Enquirer: 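Before I ask anything, let me first share the structure, which is written out below as structure tokens.
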Amino acid sequence: MPAVPLTIWRYVLAELWRLLALTGTILVAVLSFAIAVKFLAEGRLGPAETLKFMLFMAPPMLAYAVPFSAGFAATLTYHRLAADNETLAAHAGGVSHRALLGPAILSGLLLCGGMLLLNRQVIPRFLQSTEELIAQDLTKVMVSSIRRGEPIVFNNLMVHADRVLQLDPEQDESLRSAGVTEWLVLRGAVLVELDNAGKPSNEAVVSEVDVLLRPVEDPDGSRRNVAIIAVKNGVGWAEDGSVAEFTRLDPIVRDVPNAFEDDPKFLTAGELHRLNRLPDRMSFIVQRYNRLAHHYAERRTIIDLIDELNNTGRTRLEMADRTLTVHADRITRDGSRWRFDNDDPDARIRVDQWRDGPDGTRLAGDRSEFLARRAWLDSELDGDKHVTDLSFQLLLDDVVTDARDDESGERNEIGFQRLRPARDPLPEIRNLTAEQLLARTGEWVEGVPDEQVDQFIKQPHDDLKNRIERLRREILSKQHERIAMAIAGLVMVLTGAVTAMRLRDALPLKVYLWSFFPALGTIVTIASGQQLVHDDGPWALIILYGGVIALAVYTFIAYLGLRRH
């Protein structure tokens, strides 16, 4: 076995790593500044924050700087050896080209291992730090966006405004007691609500919008920011083409996106693995989970009401301090609502109202009776993904009542809101994971005839299922992108070294271009393959790794040509 040419190896390694450190430092500084200057120009970072941002961005930029720097360093180092005929002298002394490539192989392996560690552990943590630095003042970010003429986005709601005012919520007692930390007033605003496909579904032009930010603690102990959007005086357009004027709408509640918690690129390898098994931590999954849970809870409640009416002829609904007992023979679907009916079409629906005492018992004598010709039960879910509890409203039409404040005892319509079922299934449902909830609701929509599919369950079920599948494709794409980038660093070092030895009579820049453009094609292929895996699935891994394989084949063919000479 021939001895290892340690002297040549030490010389080559020292020169290669010297050039790698110099080139990598310059390239990282340029890339970091190129990214930071955008935020500096937008006013989102000050001069001191910009320098801090550049330091935080240095490790993430290594993922792109190291492969090209290593390829450039290997090209210059081995071209100098070849141009000075040192490779010929070494070959004449019994040192093969393969042995001369030892320092490049060793350096490539070290870089591959280091980049795996960087891509899977170090870079995600630094990306989190940079995102926190940019978004540390939510109000500053939102104000600067409005002043630049850009919209602010709250999940599926885009808000654009002509002017923005920043007020102090501490000056308002109600806001201070509600825990509001930031208060913005937008003038001349346009609100656009997007559907799941990202297309506008509802629009409104309003004179004024109050945006209130306050932190919320979830049951699992995690904290998030919620935006309460109060809209005043405007005109709205619905997806069906209808137009309506309004003076005030019910507050719109939206989560404020947290990029470094809701984007897999900010997660380490271990966090990605846990997220793939339990995707419930992402806010966009939580929103869809809550919507499906509420829809499922409503259907479960209706089933309980049907059973109760069939068994006892009455059912109970509760308010904050009152209990309603509805006497009817059955409840049936009536469009988007549920209608109480009696077997006798002339019999009225009787509703007894009892007021509850402090201990929850009914107060003697505090009872009212309502006799309605028609009665409907309607969910207060109304399609909002951000409701927090399960509640209904009871609508009575053509009512006869014994209420003392109405001498005639007759009313056209009476409504009771914020009604809760006696047995609320929502707490039990919320204990399910997203996968378990999909399995429960899948029994309602999968494997059943189309005419029996409950669209009220199917739409949020499919929305959550598709979003989880998309998240898992994104996780898969990020995992393999990080691996492919690390392997590409190894191959690019070998490409530079082999090309330089083979084209020893060419100029260094020409030699580097022969290795640079194939390496650039590899990076482009990895990025394209990552996006295709995210969009279409695992089949695109062929494209993601195809560029690395093609570069390796190109390098091997160049090595065979070198060995023949």
Side-chain angles (χ1 to χ4, degrees), residues 119-120 124 127-128 131 153-158 192-201 218 222 224 254-296 383-386 432-442 444-446 453 455-485 525-546:
N119 292 340
R120 292 161 62 88
L127 286 175
Q128 290 184 18
E131 186 67 25
V153 181
F154 304 101
N155 294 304
N156 65 331
L157 182 66
M158 297 176 58
V192 179
E193 186 174 17
L194 307 177
D195 59 18
N196 293 329
K199 298 179 180 179
S201 58
D218 291 325
S222 61
R224 55 190 170 92
R254 290 292 184 270
D255 288 334
V256 178
N258 191 334
F260 68 88
E261 290 184 357
D262 293 339
D263 193 333
K265 76 177 181 181
F266 295 107
L267 303 180
T268 64
E271 291 170 337
L272 283 178
H273 180 69
R274 289 191 294 272
L275 180 62
N276 190 53
R277 289 189 294 105
L278 192 67
D280 302 58
R281 62 165 286 185
M282 290 291 176
S283 68
F284 50 81
I285 297 295
V286 172
Q287 292 165 14
R288 290 164 172 82
Y289 171 92
N290 286 338
R291 185 165 182 249
L292 178 57
H294 282 81
H295 280 240
Y296 182 46
D384 195 339
K385 301 177 184 178
H386 301 269
L432 302 175
T433 65
E435 296 283 2
Q436 292 170 337
L437 180 59
L438 285 174
R440 292 272 188 96
T441 56
W444 295 53
V445 299
E446 297 176 356
V453 172
Q455 294 297 327
F456 187 74
I457 297 292
K458 179 177 174 57
Q459 291 179 0
H461 170 89
D462 291 349
D463 189 20
L464 176 61
K465 182 179 179 180
N466 293 337
R467 196 62 186 86
I468 290 178
E469 291 175 353
R470 182 181 173 189
L471 174 62
R472 284 182 169 150
R473 292 197 303 268
E474 185 176 5
I475 292 171
L476 180 69
S477 70
K478 289 297 180 184
Q479 290 172 328
H480 286 277
E481 179 192 31
R482 294 172 179 179
I483 296 173
M485 287 294 292
T525 305
I526 291 174
S528 301
Q530 183 269 328
Q531 188 61 48
L532 285 173
V533 173
H534 183 188
D535 294 337
D536 299 331
W539 73 266
L541 289 174
I542 299 173
I543 298 176
L544 193 151
Y545 286 103

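None of the values given here were measured: they were computed from a predicted structure.
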Enquirer: Is L471 close to L275 at the side-chain level, that is, under 4.5 Å between some pair of heavy atoms?
Expert: yes
Enquirer: Is the side chain of R288 donor-acceptor paired with the backbone N or O of L464 at a distance under 3.5 Å, no angle test?
Expert: no
Enquirer: Please assess E474 against V533 for the test side chain to side chain contact (heavy atoms under 4.5 Å, CB included), listing each intermediate value before the final yes or no.
Expert: CA-CA 7 Å; E474 185 176 5; V533 173; over 6 Å; no
Enquirer: Which heavy atom in F456 sits nearest to a heavy atom in H295, and how many Å separate them?
Expert: O-ND1, 2.7 Å
Enquirer: Kindly indicate whether a cation-pi arrangement holds for R467 with F284, taking the cut-offs as under 6.0 Å to the six-membered ring centre and within 45° of the axis.
Expert: yes
Enquirer: Less than 4.5 Å apart, any side-chain heavy atom of M158 and any of E193?
Expert: no
Enquirer: How long is the straight-line distance from CD1 of I542 back to OG1 of T525, given to the nearest 0.5 Å?
Expert: 13.5 Å
Enquirer: Just how far is it from atom CG of D462 to atom CD of E469, taken to the nearest 0.5 Å?
Expert: 9.5 Å
Enquirer: Closest approach of P538 and L476, non-hydrogen atoms and distance?
Expert: CG-CD2, 3.9 Å
Enquirer: Salt bridge between E271 and K478, side-chain N to carboxylate O under 4.0 Å?
Expert: no
Enquirer: How about D463 and Q459: does a side-chain donor come under 3.5 Å of a side-chain acceptor?
Expert: no
Enquirer: When rounded to the nearest 0.5 angstrom, what is the spacing between CD1 in I483 and CG in L541?
Expert: 9.5 Å
Enquirer: Please name the pair of heavy atoms, one in E481 and one in I526, separated by the smallest distance, quoted to 0.1 Å.
Expert: CG-CG2, 4.0 Å
Enquirer: Between atom CZ of R274 and atom CG of L278, what is the distance when rounded to the nearest 0.5 Å?
Expert: 10.5 Å
Enquirer: Identify the heavy atoms of L544 and S477 that sit nearest to each other, and give their distance.
Expert: CD1-O, 4.2 Å
Enquirer: Hey, what do you get for CZ (R120) to OG1 (T268), rounding to the nearest 0.5 Å?
Expert: 9.0 Å
Enquirer: Ignoring hydrogens and geometry, is there a side-chain-to-backbone donor-acceptor pair from H294 to N290 under 3.5 Å?
Expert: yes
Enquirer: Shortest non-hydrogen contact from I457 to T441?
Expert: CG2-CB, 3.9 Å
Enquirer: Starting at OH of Y289, measure out to OH of Y296 and round the result to the nearest 0.5 Å.
Expert: 11.0 Å
Enquirer: Mind checking what makes side-chain contact (heavy atoms from CB on, under 4.5 Å) contact with S528, not counting sequence neighbours?
Expert: V524
Enquirer: List the atom of P124, the atom of R482, and the distance in Å for their closest heavy-atom pair.
Expert: CG-NH2, 3.7 Å
Enquirer: Take V286 and D280, measure what side chain to side chain contact (heavy atoms under 4.5 Å, CB included) needs, and give me the verdict at the end.
Expert: CA-CA 6 Å; V286 172; D280 302 58; 5.5 Å; no
Enquirer: Kindly determine whether Q436 and T433 satisfy side chain to side chain contact (heavy atoms under 4.5 Å, CB included), including the steps that lead there.
Expert: CA-CA 5 Å; Q436 292 170 337; T433 65; 3.2 Å; yes
Enquirer: Do I468 and L438 pass the side chain to side chain contact (heavy atoms under 4.5 Å, CB included) test, and can you show the C-alpha distance, the side-chain angles, and the key distance before you say yes or no?
Expert: CA-CA 10 Å; I468 290 178; L438 285 174; 3.9 Å; yes
